[in-house]
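Below: one structure, written as structure tokens.
Residue numbers start from 1 in every chain, and the chains themselves are labelled A, B, ... in the order their sequence lines are given, proteins ahead of strands.
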Amino acid sequence: MIDLVLYGILPYLTVAVAVVGLIWRYVTNQFSYSSVSSQFLENRQLFWGSVPWHYGIILILAGHLIGVFFPRSIMAFNGVPVRLYILEGTALALGLLVLAGMVFLLLRRGTNARVRVVTTPMDIVLLVLLLLQVVFGIGIAIFYRWGTSWYVQTAAPYFWSVVTLSPKVSYMSSLPLLVQLHAVNAFILVGLFPFTRLVHMLSIPLAYLWRPYQVVMWHRRQQRGL
Amino acid sequence: MDVRAQLASVFHLDKCIGCHTCSLACNNLWTSREGTEYMWWNNVETKPGTGYPTLWEDQGKYRGGWELRGNSLVPRTGRRLGILSNMFFNPALPTMDDYYEPWTYDYEHLFTAPPGDTPPTARPVSKITGHYLDVEAGPNWDDDLSGSPIYAKNDVNLASLTPAEQEAMFRIEQMVFFYIPRICNHCLNPACLAVCPSGAIYKRGEDGIVLVNQEKCRGWRFCVSGCPYKKTYYNWKTGKAEKCILCYPRLETGQAPACFHTCVGRIRYTGLLLYDAERIEAMAKAPDTELVEAQRRLILDPADPEVAAAARRSGMSDEWLAAAGSSPVYRFVKEWGLALPLHPEFRTLPMLFYVPPLLPVAASNKTGSYDLTESGFFGNTGNTRAPLRYLSALFSGGNTGIVTDALARLWAVRSYAQARSAGNISESQAGDLLKKSGLTAETAGQIAALTSLPRFNDRFVIPPYRREVDIQETVNPQKHQGQTGFGFSRTPGRGL
């Protein structure tokens, strides 16, 4: 029963909350979409937290997605042991990098008086949940080795079963507790997404790469570049 | 030819008394909010000096403005991919310590202090954290402190002077300083806009005012470091960038911006300039010393029938053309060549121009007594207190000829006016100076009038915006009376 709730209902619930929440927030309060950076208030500690965190987590998330979208390629890649070792080692190293970044960020939030002023309770909740998620992930990498291989045979098919609206709960419920915690925490993070600063992920300004340098707007006319 | 209008400005530095009234008018209107306490959209700084934020002119530190790489104009902040890869930590961002930590005083203590031997004091308290603060810097920390080895000697513009000249500048008998009031330049080639990843900053087509769309800004902070004048600010509370809006709600209702309106020395002029938008990039690529000339070439003569026809083609109304025709800015910048852009070498084509200060050596003591009538007092541009090369580092990208020309004209006008009113200079002397500087008596009279006796409507020629006409087809203009000017009525909060 609990498995059904966690892996059959929770994913749909959190995704629904995320989608509705994001649209609601965008429509009613677009002003609140921001990176809400605190670099202006504190510069040095941020470097050691923000840079490893962001670059590490982007690569790790990309790894999770690649496993879901190209499971066969990953299996084929891991067919040669050396490649498997390299992939596992890289993943663990990135995990540790991200952990270090997250610890720096949490310390900074706690110790810097100026940063504390702009810290909301939700910032703390988010940081703690993300820290837990990273710790779970590193734990999995250490205690349940070769995750890059078994992930594509358990989590990836489970993901597609959820996408195709026929969730196969048994994929997840048979996995070790640490992996289940990692999964459930991920769902919670998805559900919280629209109510946290995570929304800045949706503002990745890729359009900047091809827009003209200058933007000129006319009163009651279409926008056009210089 | 793509003719556009720009609401541009001239600040006459000889008239600035450094009273900061402009700063306070602006602060009262726009930046007395949480998150903006440290911002001075208008500030007045002493030169030589390091300014606000400290060393803002040092682009090795802040990487603002544009640079020529080969034949292409690139933001010094970086190319597009470079900017995106620095999003998680902007290495050139000035922090609050580069400005100052805003503070108030613990006044309450004056009332609650227990009886004691000494009167109680109100200690400074940070407006950010609420903790007691040892104040170590402020927005005008080096006000009037030129000559101080701690502040003024770090002025970036002194690099162009020889050590002997620098030493002479700080000798107490020759000490020189003047004020530079600074607001956003509303540039033709704004770098803040070019480096904004969100595309939140835009230039208004009609009047060229550069604005930040608060809804679209995502707080990536590159505009702050990208603006070489440090006139875009980060609101630490809302996580959005803010900057001078040239009081557009006032302009659209026919009023001068608050800092212009309140200026005690009446140093500020505003009016339209017409320019050719197609040639912006070409002109911004001119060599450092030719940038002032290039910028002048970009500005078009509204009396030229061809320009007027092109302006009409791009939708400019006759009223706006007429306003451009009587713009005091056009006269100071293009006709008279008196007003110069601040740091044209940043290549943003700033649209705020400064009449450089004359600061003559008013007397000599060579004869053993204080001698005011030394020959060469008038017209001796080589003998200004502020070295020409210092002024040209500020106003002409190092081109001393342009500064000399402007100073010679200012000198000629001053002697012409003195010959007529005070009579301490002969008409022929004044006439010589006029001839040397290439001015006619009539022009000198006009310059003198617009400098010393301008009325309100001479200084501010604001074109009619007619926004109420624009909206009345679909909206009842009366309904908008009393609405907030900054665009939203929700209290701006941080995140959700």
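- For the pair B:Arg80 and A:Tyr213, the cation-pi test (distance below 6.0 Å, angle within 45°) is passed.
- No part of B:Asn213 comes within reach of chain A, as not one of its non-hydrogen atoms sits under 4.5 angstrom from that chain.
- Using a 4.5 Å cut-off between heavy atoms, A:Ile58 contacts chain B through its side chain alone, with no backbone atom that close.
- For chain A, the nearby parts of B:Pro190 are the backbone and the side chain; heavy atoms of each come within less than 4.5 Å.
- For chain A, the option among B:Arg494, B:Lys203, B:Glu278 with the highest count of heavy-atom pairs below 4.5 Å is B:Arg494.
- Within a 6.0 Å sphere centred on CZ of A:Arg145, heavy atoms belonging to other residues, nucleotides or ligands number 12 at most.
- By the 4.0 Å N-to-carboxylate-O rule, A:Glu42 lies too far from A:Arg109 to be salt-bridged with it.
- With respect to B:Val210, the side chain to side chain contact (heavy atoms under 4.5 Å, CB included) criterion is satisfied by exactly one of B:Ile201, B:Leu246, B:Thr232: B:Ile201.
- Ion pairing between B:Asp98 and B:Lys230 fails under the 4.0 Å rule for side-chain N and carboxylate O.
- Ranking B:Ile83, B:Ile128, B:Thr129, B:Asp207 against chain A, the residue ahead of the rest is B:Thr129, based on heavy-atom pairs under 4.5 Å.
- Ring-plane geometry between B:Tyr234 and A:Phe40 is classed as tilted, the angle between the planes lying from 30 to 60 degrees on a 0 to 90 degree scale.
- Between A:Tyr208 and B:Leu84 the shortest side-chain heavy-atom distance falls below 4.5 Å.
- Checked by atom type and distance alone, the side chain of A:Arg108 never pairs as donor or acceptor with a backbone atom of A:Gln45 at under 3.5 Å.
- Annotation: maximal heavy-atom pairing with chain A below 4.5 Å, among B:Asp97, B:Leu73, B:Leu81, occurs at B:Asp97.
- Neither the backbone nor the side chain of B:Tyr233 comes within less than 4.5 Å of any heavy atom of chain A.
- Both the backbone and the side chain of B:Arg204 come within less than 4.5 Å of a heavy atom of chain A.
- Salt bridge absent: B:Glu101 and B:Lys127 never bring a charged side-chain N and a carboxylate O closer than 4.0 Å.
- In this pair, A:Phe195 and A:Trp24 present their aromatic rings tilted. The plane angle is within the 30 to 60° band.
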Open item on the list: Between B:Glu37 and B:Lys237, does the salt bridge (Lys or Arg N to Asp or Glu O under 4.0 Å) criterion hold? Intermediate values first, please.
Closed with: CA-CA 10 Å; B:Glu37 312 92 337; B:Lys237 181 75 182 175; over 6 Å; no
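- Residue-level contacts of residues 60-68 of chain A with chain B do not occur; threshold 4.5 Å between heavy atoms.
- Comparing A:Pro194, A:Ser50, A:Ser203 by heavy-atom pairs within less than 4.5 Å of chain B, the highest count is held by A:Ser203.
- Listed options A:Arg116, A:His200, A:Arg197, A:Arg114 were ranked by heavy-atom pairs under 4.5 angstrom with chain B; first place goes to A:Arg114.
- Most heavy-atom pairs under 4.5 Å with chain A: of the set B:Gly239, B:Cys196, B:Gly35, B:Ser126, this distinction falls to B:Cys196.
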